[in-house]
Colleague: 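Handing you this structure, nothing more for now.
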Amino acid sequence: MTSFKQKVFAIVKKIPAGKTLSYGEVAKRTGNKKAARAVGAVLKTNYDPAIPCHRVIRSDGALGGYNRSIARKNNLLIKEGYKSSPTKHI
DNA sequence: CATTTGACGCCAA
DNA sequence: TTTGGCGCCAAAT
């Protein structure tokens, strides 16, 4: 368990319901604002249900990905009140 | 130990 | 506006 993972988990777990953070934002909080990719890599390798990784999306507004089905992530976000608008033109 | 991959982000054309 | 390419980081193989 690296401290980077610990930070990412702590940050993601602290995301309030109905809110979303971009990978870049999470990366910033870990200390490496350019580590957005690393954040995704960590979330992908971690299958802990305590981590609401579905609240972590891309800075473009795209959902990014999910452990099993992206549809599940989208569904959860909608349930929490987040309108997934894939407006690629930000 | 070194190399490759990837749930990203931003800039340029 | 859309598409392509480059840069950065950590984990997995």
Side-chain angles (χ1 to χ4, degrees):
Chain A
M1 215 43 149
T2 66
S3 58
F4 185 78
K5 279 176 157 186
Q6 295 279 356
K7 287 180 194 167
V8 173
F9 298 146
I11 293 161
V12 175
K13 278 198 292 193
K14 283 175 183 183
I15 301 176
K19 282 211 161 185
T20 54
L21 275 180
S22 68
Y23 296 95
E25 291 295 305
V26 177
K28 269 187 179 180
R29 287 162 183 247
T30 59
N32 294 316
K33 55 183 184 187
K34 296 176 184 174
R37 298 184 77 156
V39 174
V42 170
L43 293 177
K44 155 180 178 179
T45 54
N46 184 80
Y47 286 75
D48 192 323
I51 315 292
C53 33
H54 62 270
R55 289 181 194 151
V56 186
I57 60 174
R58 289 181 55 144
S59 60
D60 322 40
L63 301 182
Y66 202 59
N67 287 336
R68 308 272 275 160
S69 303
I70 185 64
R72 190 168 135 93
K73 181 172 183 176
N74 188 16
N75 192 349
L76 287 166
L77 288 172
I78 293 172
K79 273 176 82 112
E80 294 187 358
Y82 177 78
K83 283 274 290 144
S84 54
S85 13
T87 45
K88 300 175 196 109
H89 62 86
I90 192 171

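Quick note on labels: first sequence line is chain A, next is B, and so on, each numbered from 1.
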Colleague: Once you round it to whole Å, what is the distance between C1' of C:dA10 and NZ of A:Lys33?
Modeller: 18 Å
Colleague: Taking atom types as they are modelled, is there a donor-acceptor pair under 3.5 Å from the base of B:dA7 to the side chain of A:Tyr23?
Modeller: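 Yes, a donor-acceptor pair under 3.5 Å.
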Colleague: Would you confirm whether A:Asp48, through its side chain, and A:Ala50, through its main-chain N or O, come within 3.5 Å as a donor-acceptor pair?
Modeller: yes
Colleague: Give me the atom names and distance for the closest heavy-atom approach of A:Tyr66 to A:Cys53.
Modeller: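 Looking at all heavy atoms of both residues, the closest pair is CE1-SG, 3.9 Å.
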Colleague: Hey, which of A:Val42, A:Ile11, A:Leu43 is the one that makes side chain to side chain contact (heavy atoms under 4.5 Å, CB included) with A:Val26?
Modeller: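 Output: one option passes, namely A:Ile11.
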Colleague: Under a 3.5 Å cut-off for both distances, is C:dT1 Watson-Crick or wobble paired, and to whom?
Modeller: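 In the structure as shown, C:dT1 has no Watson-Crick or wobble partner.
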Colleague: So which heavy atom on A:Asn67 is nearest to which on A:Lys44, and how close?
Modeller: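 What the structure gives for the nearest pair is OD1-O, 3.8 Å.
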Colleague: Establish, with yes or no, whether the OP1 or OP2 oxygen of C:dA11 is under 4.0 angstrom from a side-chain nitrogen or oxygen of A:Thr2.
Modeller: yes
Colleague: Does B:dC10 have OP1 or OP2 under 4.0 Å away from a side-chain N or O of A:Ser59?
Modeller: yes
Colleague: Given C:dA11, C:dA10, B:dG9, which nucleotide is nearest the side-chain atoms of A:Asn32?
Modeller: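 The listed nucleotide nearest to A:Asn32's side chain is C:dA10.
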Colleague: If you restrict it to nitrogen or oxygen atoms, what contacts under 3.5 Å exist between nucleotides 3-6 of chain B and the protein, and what is each distance?
Modeller:
from	atom 1	to	atom 2	distance (Å)
B:dG6	N7	A:Arg37	NH2	2.9

Colleague: My understanding is that a pair needs two contacts under 3.5 Å, Watson-Crick or G-U wobble. By that rule, which nucleotide pairs with C:dA11?
Modeller: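 Pairing partner, where one exists within any strand: B:dT4.
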